[in-house]
Amino acid sequence: MNKSKVYIETYGCQMNLSDSEIVASVLNSAGYGLTNDPAHADVILLNTCSVRDNAEQTINKRLIHLKQYQKKNNKLVVGVLGCMAERLQMQLIENKEIVSLVVGPDQYRSLPQLLNDAKNGIKGIAVELSKVETYEDITPLRTEGISAWISIMRGCNNFCSYCVVPYTRGRERSRTIESILMEIRALNKQNIKEITLLGQNVNSFKDPQTKQDFADLLEECAKEFPMMRIRYMTSHPKDMSDKLIEMMAKYNNICKHVHLPVQSGSNRILKKMHRVYSVEHYLGRIKKIKDLMPDCSLSTDIIAGFPTETEEDHQMTLDLLRQVQYDGAFMFKYSPREGTKAYEFDDDVPDDVKIRRLNEIINLQNSISAEKNQSEIGKTHTIIVEGPSKKNKYEWQGRTDTNKVTIFPNHNLTHKMGDLIKVKINRCTSATLFGEVLEG
Ligand code: SAH
Ligand code: SF4
Ligand code: F3S
């Protein structure tokens with residue numbers, strides 16, 4: 001008999017990408033095959049995101065679209081995994097006829113059993129959150145590439161007032177450093193050149209046995225794998241310790257890029273967001289990073305139009321962007337999420353004002369990003385070759401240590417995936433660098 005084939009589609013953040021690799025591994029061990037084509041799948045799983053309303057609307061539309069596959073194959077099983085599964089639970093089974101499986105982020109071990117039931121027509125749900133599950137004994141089934149995600153912790157305890165993540169992912173828990181190093185040792189033997197340590201708040205990592213912190217973990221990785229590039233995300237400004245910044249500066253193979261979401265430039269709004277730091281604290285962290293690593297690139301997340309945000313608060317956010325000079329930013333319009341603290345606040349910034357403020361933020365940041373990239377022209381960067389660019393198979397791409405996507409000509413395909421090459425930057429856009437390869 002042919003193996004049942006599973007197609008997994010992933011939405012949301014890197015944690016979800018990493019989780020999909022765990023799901024693939026669990027199902028592979030249970031005898032399932034994987035496919036990249038939903039038309040040939042026996043099982044379609046959507047690993048979903050709930051962070052903003054539009055993320056959920058995308059899934060709702062996708063579920064309607066998937067009905068075409070069910071018409072062609074009435075045995076097709078469709079399941080919803082991830083944060084939306086955790087947030088909506090039974091509602092997904094009750095309201096979406098096509099869905100026969102709902103599995104939250106801490107229940108992926110139960111997938112083989114639930115899929116068996118689903119094939120026999122029994123709809124299933126598993127959404128209990130765990131205080132201990134880290135899947136640290138499961139080796140993720142990764143797609144090929146030179147770069148690997150490693151989940152080092154799960155969950156979040158911060159309860160920022162706007163955010164669903166603490167509800168969809170449960171309490172914070174870290175893996176042991178030993179289990180993380182073991183995973184990297186195996187990757188090191190394959191062609192993996194770069195790892196990204198992942199978590200919603202990686203800098204509050206704490207080894208449950210040795211009590212070592214995130215800076216200790218970075219040091220262990222940097223020392224044991226000197227030829228690997230080490231990245232991490234996301235860090236919270238409250239946990240951005242001097243020790244961590246000093247550790248980044250100490251090791252060449254820890255990439256000089258910090259993603260440090262600020263959300264707003266107004267102390268009053270930060271307080272309402274329950275971010276537990278002030279603009280002054282935040283700027284102090286940025287100063288320390290710039291003092292120790294002048295070439296470090298910086299990125300952030302911003303929310304426009306949080307409840308009660310005034311024009312003055314908004315101007316403070318624009319001022320902060322001008323002051324920090326980020327290389328890039330993810331910028332969002334506030335989206336009220338049921339169950340969060342901020343949902344109880346009056347969503348009093350009209351939508352057209354939210355959109356206007358968001359556009360002002362985006363326009364300003366784009367011009368800053370473009371200017372920062374302009375200053376790269378003439379400089380030389382070492383990049384790891386990742387593969388062909390999206391637009392042209394003879395134009396390949398890699399990333400600088402500072403996480404900037406860099407495109408270079410590769411007409412004779414002389415440069416292979418995983419090669420380290422030196423590129424001199426000769427032009428740019430606000431999002432991408434373009435350069436020529438320097439020989440030798
Ligand atoms: N753990 C990370 C980010 C998780 S979500 C951190 O704390 O930095 C990624 C980003 O989505 C957040 O930084 C925030 O900017 C945005 N976000 C989260 N909830 C949101 C909401 N309800 N509306 C708009 N943006 C939101
Ligand atoms: Fe959400 Fe805040 Fe946790 Fe980030 S730190 S996941 S924004 S609650
Ligand atoms: Fe979305 Fe869940 Fe990640 S809500 S941003 S997929 S943790």
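One is the number of the first residue; the rest follow in order along the sequence. In each ligand, atom 1 is the first atom listed, and ligand 1 is the first ligand listed. Values below: every heavy atom of this structure, side chains too, minus hydrogens, waters and symmetry copies.
Side chains of Ile361 and Leu318 form a contact here, defined as non-hydrogen atoms less than 4.5 Å apart.
Under 4.0 Å is where a charged nitrogen must lie from a carboxylate oxygen, and between Arg356 and Glu311 at least one such pair does. A salt bridge between Lys354 and Glu309 is absent, with no side-chain N of the basic residue lying under 4.0 Å from a carboxylate O of the acidic one. Using a 4.0 Å cut-off between charged side-chain N and carboxylate O, Arg357 and Asp313 make no salt bridge. A salt bridge between Lys206 and Asp239 is absent, with no side-chain N of the basic residue lying under 4.0 Å from a carboxylate O of the acidic one. Under 4.0 Å is where a charged nitrogen must lie from a carboxylate oxygen, and between Lys372 and Asp327 at least one such pair does. At a threshold of 4.0 Å, the pair Glu344-Lys341 counts as salt-bridged, since one of the basic side-chain nitrogens sits closer than that to a carboxylate oxygen. Using a 4.0 Å cut-off between a side-chain N of Lys or Arg and a carboxylate O of Asp or Glu, Arg173 and Glu133 do not qualify as a salt bridge. With salt bridges taken as basic N to acidic carboxylate O contacts below 4.0 Å, none links Lys290 and Asp295.
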**OP:** List the steps, then state whether ring pair (Phe, Tyr, Trp, His ring centres under 6.0 Å) holds for Phe214 with Tyr232.
**Re:** CA-CA 10 Å; Phe214 182 63; Tyr232 66 89; 5.0 Å; yes
Original post:
Where do Tyr7 and His40 land on the ring pair (Phe, Tyr, Trp, His ring centres under 6.0 Å) test, with the steps shown first?
Top reply: CA-CA 8 Å; Tyr7 169 78; His40 290 117; over 10 Å; no
Original post:
Can you check side chain to side chain contact (heavy atoms under 4.5 Å, CB included) on Arg175 and Arg154, steps first, answer last?
Top reply: CA-CA 9 Å; Arg175 290 171 58 176; Arg154 300 180 70 81; over 6 Å; no
**OP:** Any chance you could lay out the side chain to side chain donor-acceptor pair (under 3.5 Å) test for Glu86 and Thr168, step after step, and finish with the verdict?
**Re:** CA-CA 5 Å; Glu86 193 63 47; Thr168 62; over 6 Å; no
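Here Cys163 reaches atom 1 (Fe) of ligand 2: one of its N/O/S atoms is less than 2.8 Å from the metal. When distances to atom 2 (Fe) of ligand 2 are checked against a cut-off of 2.8 Å, His274 contributes no N, O or S atom below that limit.
The N/O atoms of Arg52, backbone and side chain alike, include one that comes under 3.5 Å of an N/O atom in ligand 1. For ligand 1, the polar-atom distance check finds no N/O of His236 at less than 3.5 Å from any of the ligand's N/O atoms. Residue Asp301 places at least one N or O, backbone or side chain, under 3.5 Å from an N or O of ligand 1.
Distance from atom 7 (S) of ligand 2 to its nearest protein heavy atom, with residue and atom name: Tyr162 OH, 3.4 Å. Atom 8 (O) of ligand 1 has its closest protein heavy atom at Pro261 CG, 3.0 Å. Of the protein's non-hydrogen atoms, the one nearest atom 1 (Fe) of ligand 3 is Cys49 SG, 2.4 Å. Given atom 2 (Fe) of ligand 3, the protein heavy atom at minimum distance is Cys83 SG, 2.2 Å. Of the protein's heavy atoms, Gln263 OE1, 2.7 Å lies nearest to atom 15 (O) of ligand 1. The nearest protein atom to atom 3 (Fe) of ligand 3, hydrogens excluded, is given as Cys13 SG, 2.3 Å; this is a heavy-atom distance. The nearest protein atom to atom 4 (C) of ligand 1, hydrogens excluded, is given as Gln200 OE1, 3.3 Å; this is a heavy-atom distance. Scanning the protein for heavy atoms near atom 6 (S) of ligand 3, the closest one is Asn16 ND2, 3.4 Å. Looking only at heavy atoms of the protein, atom 2 (Fe) of ligand 2 is closest to Cys160 SG, 2.3 Å. Closest protein heavy atom to atom 5 (S) of ligand 2: Asn158 ND2, 3.3 Å.
In this structure, Ser50 counts as a contact residue of ligand 3, since one of its heavy atoms falls inside 4.0 Å of the ligand. By the 4.0 Å heavy-atom criterion, Met15 is excluded from the residues contacting ligand 3. Within the 4.0 Å heavy-atom shell around ligand 3 one finds Gln200. Judged by the shortest distance from any of its heavy atoms, Val165 lies outside the 4.0 Å radius around the atoms of ligand 1. Proximity of Ile303 to ligand 1 is established by a heavy-atom distance of less than 4.0 Å.
Heavy-atom contacts of Cys156 reach the following atoms of ligand 2: 3 (Fe), 5 (S), 6 (S), 8 (S) (cutoff under 4.0 Å). Numbered from 1 in the order shown, with element, the atoms of ligand 2 that lie under 4.0 Å from a heavy atom of Phe159 read 8 (S). Below 4.0 Å from some heavy atom of Arg275 lie the following atoms of ligand 2, by number and element: 2 (Fe), 7 (S). Against a heavy-atom cut-off of under 4.0 Å, Arg275 is close to the following atoms of ligand 1: 7 (O). Atoms of ligand 2 found under 4.0 Å from any heavy atom of Pro166 (numbered from 1 in listed order, with element): 8 (S). Annotation for ligand 1: atoms under 4.0 Å from non-hydrogen atoms of Thr234 are 2 (C), 6 (C), 8 (O). Near Lys333, the atoms of ligand 1 lying under 4.0 angstrom from a non-hydrogen atom of the residue are 23 (N), 24 (C).
Distances from atom 22 (N) of ligand 1 to the heavy atoms of Ala342, Ala329, Ser335 put Ser335 nearest. Nearest-residue assignment for atom 5 (S) of ligand 1 (options Val164, Val202, Val51; heavy-atom criterion): Val51. Comparing heavy-atom distances from atom 19 (N) of ligand 1 across Tyr334, Tyr162, Phe330, Phe332 singles out Tyr162 as nearest.
Residue-level proximity to ligand 2 for Pro261 is absent, since no heavy atom of it falls below 4.0 angstrom.
Using cut-offs of 30° and 60° on the angle between ring planes, the pair Phe330 and Phe332 is parallel. Ring orientation note: the planes of Tyr326 and Tyr282 are tilted relative to one another, at an angle of 30° to 60°.
Checked against Gln397 for a side chain to side chain contact (heavy atoms under 4.5 Å, CB included), the options Leu433, Thr406, Val405 give a single hit: Val405.
Between the side chains of Ser20 and Asn47, at least one donor-acceptor pair of N or O atoms lies under 3.5 Å.
Cation-pi contact between Lys272 and Phe345: present, with separation from the ring centre below 6.0 Å and deviation from the ring axis of at most 45°.
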